Amino acid sequence: MKRPIFALIDCNNFFVSCERIFRPDLEDKPVAVLSSNDGCVVARSNEVKALGIPMAAPAFKYREIFDRHSIVKFSANLELYGNMSRRITELLTTITPRIEVYSVDESFLDLSQLDIRDYTAWGDAVRESILRWTGLPVSIGIAPSKTLAKLASDRGKKQLSLGGVLSLVDNPQLDQHLSEVPVDNVWGIGWRLNPKLRAEGLNSALHLAQLRPQRAQQLMGIRGRQLVAELNGVCCFGLDLEHQKPKSIMRSRTFGEDTNQVGVVEAALASFATTAAFRLRRSNQLARRAGIFIDTNKHKSGFRRWSRETIYQVPTADTGQLISDVVALFSEVYNPRMSYHRAGVWLGDFMPADYLQTDLLGVVSPAAHDHSQARMLAVDTLNERFGKRTVHYAAEDLAQTWQPRHHIRSPRYTTNVAELPQVKIVP
DNA sequence: TCTGGGGTCCTAGGACCC
DNA sequence: TCTGGGGTCCTAGGACCC
């Protein structure tokens, strides 16, 4: 059996890079992308990072720095980023079908079946080809475990001399690299474990790698023990090819403005249920549980959250049913004296959609289930063909004021005909 | 005035059973 | 007063990720 070799392909400053493709004038300028409601900074160009603005920083706290340095801000344009992400995935799939799309801007490839002599040269070529075909700069890390590949891509990105590519396969400088990585930069070490490890005198990835397995488990649980093995080149986390099938689905938003209006919250919940149910059907699954939560502002005193859930004897992916159920759940907790700030709908406890027909026909009314399936198929087909929300449930239209603000979103250049980039030809 | 939105996995402890 | 031991399932919460 061949030993495992993984590559991590990681897009640099992904959201910012997507914006720059269509705005080449911003190439060396400080650029930041903001979350829903333009609340937090979710992507930063190198220039913005250098100004000391941290990830997830609340935008209003840094307004002065934004103004003083003329940082260019964008509201998140997730439709554009999703489309660019798919283009990269398509390219990578032509290299090998053994791909795990880990997040919108990262994919792992399993290289063990490929005949590659020089991993660094291979990485350079892939990097070059992604840049040429999509315009997006990436970093590539190659190693015998995913944890090391992750660490390698991060080194490749930050050490300019590496040109965006680092292979740690049989690399004599492995220990040197590990010793230069702070322990909290290791994949899996977060804010809670960091101080605990530092207190033990474990400050670098190399210190962590040298930990005895039993001690690692004592300090960090079973995942920590595996993490230490991974740092030593022993693969514990394989490629997750089932990654595409979600185990739970959540849709939530902070409202554009706080509200105590029952209709506004109902419209929001109906809208969340609609997109969550669509995602569920696309993954060909049915949910046995659905729930809602609703919050006041967590940054104000007296913060409260209410949640309710419902369990289905007969699993469902029916938008109409889910809407009426989440609205009913909300009526159990609604209080007109509250100022609601954020709400969400989640679906969980899934089963395969085909399973129901063969297995549960004794419990389910087959006709009702078939009608639901047919109805949803019709809705999804129409919306795919004629555009989102061509057909939708009226409950969504009760109000719009809950919708988040995104005043400074760029055009959806690649997915919306009305917003295509325009070219001026100067004679 | 103004602080995102989605996920996964692990563990501890309670309920329940024999 | 004293009041087993172990297994399984479920849930809530912790911790981490992007």
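Worth saying up front: this structure is predicted, and the values here are computed from it rather than measured. Throughout, protein chains are lettered first and strands after them, A, B, ... in sequence-line order, and every chain is numbered starting at 1.
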query = Of the candidate nucleotides C:dC18, B:dG5, B:dG7, which contains the atom at the shortest distance from the side chain of A:Arg253?
reply = B:dG5
request  = Measure from the side-chain heavy atoms of A:Leu193 and tell me the nearest of B:dG4, C:dC17, C:dC16.
outcome  = C:dC16
Which pairs, protein N/O on one side and nucleotides 9-11 of chain B N/O on the other, fall under 3.5 Å?
from, atom 1, to, atom 2, distance (Å)
B:dC9, OP1, A:Lys247, NZ, 3.1
B:dC9, OP2, A:Lys247, NZ, 3.1
B:dT11, OP1, A:Ile222, N, 3.3

ask   = Could you give all pairs that pass the ring pair (Phe, Tyr, Trp, His ring centres under 6.0 Å) test and reach residues 265-323 of chain A, with sequence neighbours left out?
value = A:Phe272-A:Trp402, A:Trp306-A:Tyr340
key: For DNA chain C, the residues among residues 206-214 of chain A that have a non-hydrogen atom under 4.0 Å from it   = none
query = A:His299 NE2 to B:dC2 P: how many Å, rounded?
reply = 10 Å
ask   = Residues in side-chain contact (heavy atoms from CB on, under 4.5 Å) with A:Gln173, at least two apart?
value = A:Asn171, A:Gln176, A:His177
What nitrogen or oxygen pairs link the protein and nucleotides 12-15 of chain B at under 3.5 Å?
none

task = For DNA chain C, find the residues of residues 48-79 of chain A with a heavy-atom distance under 4.0 Å and give them by number; none if there aren't any.
result = none
query = So what's the dot-bracket for DNA chain B: Watson-Crick or G-U pairs under 3.5 Å, [ ] if a pair crosses, | if it pairs off-strand?
reply = ....||||||||||||||
ask   = For residues 198-214 of chain A, which residue pairs qualify under salt bridge (charged side-chain N to carboxylate O under 4.0 Å, His left out), counting only residues two or more places apart or in two chains?
value = A:Asp184-A:Arg198, A:Glu200-A:Arg215
ask   = Considering residues at least two apart in sequence or located in another chain, which fulfil the side chain to side chain donor-acceptor pair (under 3.5 Å) criterion with A:Ser107?
value = none
key: Carboxylate-amine/guanidinium contact A:Glu79 A:Lys388, below 4.0 Å   = yes
query = Looking at C:dC16, B:dG4, B:dG5, which one has an atom nearest to any side-chain atom of A:Trp191?
reply = C:dC16
key: Among B:dG4, B:dG6, C:dC18, the nucleotide that comes nearest once only the side chain of A:Ser35 is considered   = B:dG4
query = Do any pairs count as a salt bridge (charged side-chain N to carboxylate O under 4.0 Å, His left out) and have a residue in residues 140-150 of chain A, sequence neighbours left out, and if so which ones?
reply = A:Glu100-A:Lys146, A:Glu106-A:Lys150
Phosphate-side-chain proximity, A:Ser36 and B:dG5, N/O vs OP1/OP2 below 4.0 Å = yes
key: Nearest-nucleotide pick for A:Arg192, side chain only, options being C:dC16, B:dT3, B:dG6   = C:dC16
query = If you look only at pairs with a residue in residues 6-15 of chain A, which of them pass as a salt bridge (charged side-chain N to carboxylate O under 4.0 Å, His left out), with sequence neighbours excluded?
reply = A:Asp10-A:Lys157
inquiry  = Rounding to an integer number of Å, can you tell me how far A:Asn12 CG sits from C:dC18 C1'?
reply    = 15 Å
ask   = According to the salt bridge (charged side-chain N to carboxylate O under 4.0 Å, His left out) rule, which pairs have a member within residues 309-335 of chain A, sequence neighbours left out?
value = A:Arg289-A:Glu309, A:Arg308-A:Glu332, A:Asp318-A:Arg375
